[in-house]
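Before any comments, here is the structure.
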Amino acid sequence: MTLFSSPLTLLILCFFWANFACDALAPDYSIMGYSSDDLKCNLKLNHLFESWGAEHGKTYESIEHKLHRFEIFKDNLMHIDETNKRISNYWLGLNEFADLSHAEFRNRYLGLNVDYFMRQDYSSPEDFIYKDVVNFPKSVDWRKKGAVTNVKNQGSCGSCWAFSTVAAVEGINQIVTGNLTSLSEQQLVDCDTSSDNGCHGGLMEHAFTYIMTHGGLHKEEDYPYIMKEGTCDENKDETEVVTINGYHNVPKNNEESMLKALAHQPISVAISASGRDFQFYSGGVFDGFCGFRLDHGVTAVGYGTAKDMDYIIVKNSWGSKWGEKGYIRFRRNIGKPQGICGIYTLGSFPTKY
């Protein structure tokens with residue numbers, strides 16, 4: 001075995017020489033975060049890995065750990081590149097999750113708990129408050145109407161359910177009062193413990209019930225998010241809270257009902273997000289594989305059409321570097337009752353008078 005035949009030795013040399021690489025080795029950062037040249041040799045891959053790590057503030061405890069993450073990074077990059085070569089309506093890109101295996105990603109960032117046995121009679125079309133709506137706009141974007149706060153980041157706490165709930169409450173509060181107020185996910189994580197499990201998952205309906213029965217939600221600035229479970233402090237020095245009067249369900253597996261509701265306000269929805277493409281979604285109208293179970297809570301904030309492709313706009317809680325500045329567009333009108341990623345399976349929204 002020669003000195004340079006060890007993979008670890010080669011990687012160490014690559015880490016050293018990458019700092020002195022000429023401009024021709026520098027990756028061409030496109031919207032996907034890499035260029036085809038980056039795939040040609042380990043030296044260029046290493047330079048890409050180093051640049052990506054610097055952009056996302058990555059540090060590793062040892063060279064062995066860094067080597068392990070580099071191998072995962074390479075495997076993810078190959079999947080991203082192969083997908084981009086065969087898909088045209090959406091694309092994948094390098095993001096902060098690129099050094100995580102797909103199993104690690106699912107365990108850290110998905111946190112929806114759905115009891116399917118309790119949900120057989122989930123919703124009745126007769127009880128749907130927007131059932132009589134006939135005319136609704138061809139497109140809606142609640143971001144442009146001032147009813148959506150900036151994209152937030154749940155971190156590696158499985159609190160997606162809280163972010164989905166809060167975004168829907170922020171939306172209806174702005175629509176009714178005219179005030180866009182960023183509200184506290186942390187209060188739900190800390191205090192809504194009778195039905196939900198903080199960083200270990202929850203359900204938006206349970207969170208709506210908590211808000212109704214506990215007097216409202218504090219502002220985010222008064223009860224800030226800490227990316228982990230904390231100690232419940234519902235009073236918070238009696239600071240101002242935002243209230244709702246109730247919540248309703250969107251009839252299951254009914255796209256028209258979802259659009260009727262979405263024409264009036266942002267909607268909390270459950271989706272399947274454990275597909276590998278979802279992890280690295282970077283833009284476009286998504287219609288890829290999502291997984292087989294509802295495991296993530298997000299918020300639908302609009303719908304529209306682009307290049308003859310209908311879509312629903314969804315706000316995620318993985319920060320603004322994921323997807324389209326923190327959002328994803330799901331394809332609609334696909335002929336499946338549940339929709340892409342099951343988006344029409346479990347929708348709910350708060351009411352405020």
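Sequential numbering from 1 along the given sequence is applied to the chain's residues.
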Verify same cluster id: Val301, Leu180 (apolar side-chain graph, 4.5 Å): no
The reported gap from CG in Asp287 to CG in Asn89 (rounded to nearest 0.5 angstrom) is 4.5 Å
Could you tell me whether the side chain of His218 and the main chain of Glu234 form a donor-acceptor pair under 3.5 Å? yes
Does any part of the side chain of Val269, heavy atoms only, come nearer than 4.5 Å to the side chain of Met258, both counted from C-beta? yes
Look at the side chain of Ser184 and the backbone N and O of Pro224, then say whether any donor-acceptor pair between them is shorter than 3.5 Å. no
Less than 3.5 Å apart, any donor N or O on the side chain of Tyr225 or Ser159 sitting next to an acceptor on the other? yes
How long is the gap from CH2 on Trp91 to CZ on Phe286, to the nearest 0.5 Å? 13.0 Å
Can you confirm whether or not the ring centre of Trp52 sits under 6.0 Å from the ring centre of Phe70? no
Non-hydrogen side-chain atoms of Phe208 and Val169 separated by less than 4.5 Å: yes
Count I, L, V, M, F, W, Y as connected when their side-chain heavy atoms are under 4.5 Å apart, and connections chain through other members. Are Tyr109 and Ile226 then in the same cluster? no
If we ignore hydrogens and angles and just use 3.5 Å, is the side chain of Ser348 paired with the main-chain N or O of Asn249 as donor and acceptor? no
Whether Lys85 and Asp81 form a salt bridge (side-chain N of Lys/Arg under 4.0 Å from carboxylate O of Asp/Glu) is what I want to check. yes
Can the ring centroids of Trp318 and Phe105 be said to lie less than 6.0 angstrom from one another? yes
Atom pair CZ/CZ of Arg276 and Phe280 - distance to nearest 0.5 Å: 6.5 Å
Under a 3.5 Å distance rule, please check whether Lys352 uses its side chain to pair with a backbone N or O of Thr243 as donor and acceptor. yes
Tell me whether the count of non-hydrogen atoms from other residues, nucleotides or ligands lying under 6.0 Å of NZ in Lys144 goes above 12. no
If I compare all heavy atoms of Asp190 with all of Lys228, which pair ends up nearest, and what's the gap? OD1-O, 4.4 Å
Before we go on, tell me: are the rings of Phe330 and Tyr327 under 6.0 Å apart, centre to centre? no
Where do Tyr90 and Glu324 land on the side chain to side chain donor-acceptor pair (under 3.5 Å) test, with the steps shown first? CA-CA 11 Å; Tyr90 70 90; Glu324 295 182 326; over 6 Å; no
Please tell me whether Ile267 and Ile175 are part of a single hydrophobic cluster in this structure, the criterion being side-chain heavy atoms less than 4.5 Å apart. yes
So, using disulfide (SG to SG under 2.5 Å) as the criterion, who are the partners of Cys160 when residues are at least two apart? none
May I ask you to test the Val241-Tyr223 pair for a side-chain heavy-atom distance under 4.5 Å? no
I want to check something: taking the side chain as every heavy atom from C-beta on, are Leu110 and Ser274 in contact at a cut-off of under 4.5 Å? yes
Rounded to the nearest 0.5 Å, how far does CZ of Phe278 lie from CZ of Arg106? 14.0 Å
Distance check, rounded to the nearest 0.5 Å: Cys341 atom SG versus Ile312 atom CD1? 11.0 Å
Could you walk me through whether His79 and Asp277 pass the side chain to side chain donor-acceptor pair (under 3.5 Å) test, one step at a time? CA-CA 9 Å; His79 171 78; Asp277 283 7; 2.8 Å; yes
Would you call Asp99-Lys58 a salt bridge at under 4.0 Å N-O? yes
Between His296 and Leu112, the two heavy atoms sitting closest are N-CB, 3.5 Å
Would you kindly confirm whether Phe97 and Ile72 end up in one hydrophobic cluster when ILVMFWY residues are joined by side chain heavy atoms under 4.5 Å apart? no
Could you give the distance from CZ (Phe49) to NZ (Lys74), rounded to the nearest 0.5 Å? 10.5 Å
Leu262 vs Val140 side-chain heavy atoms within contact, under 4.5 Å: no
Check for me, please, whether Val189 and Val298 land in the same ILVMFWY cluster - side-chain distances under 4.5 Å, paths through other members count. no
Hits for side-chain hydrogen bond (donor to acceptor under 3.5 Å, both in side chains) against Glu170, two or more places apart or cross-chain, chain-then-number order -> Thr149, Lys152
4.5 Å side-chain heavy-atom contact, Leu259 and Arg332: yes
Heavy-atom count around Lys145 NZ within 6.0 Å, excluding the residue itself: above 12? no
Would you say the side chain of Lys336 lies within less than 4.5 Å of the side chain of Tyr344, judging by non-hydrogen atoms? no
Heavy atoms, side chains only, cut-off 4.5 Å: are Ile172 and Thr351 in contact? no
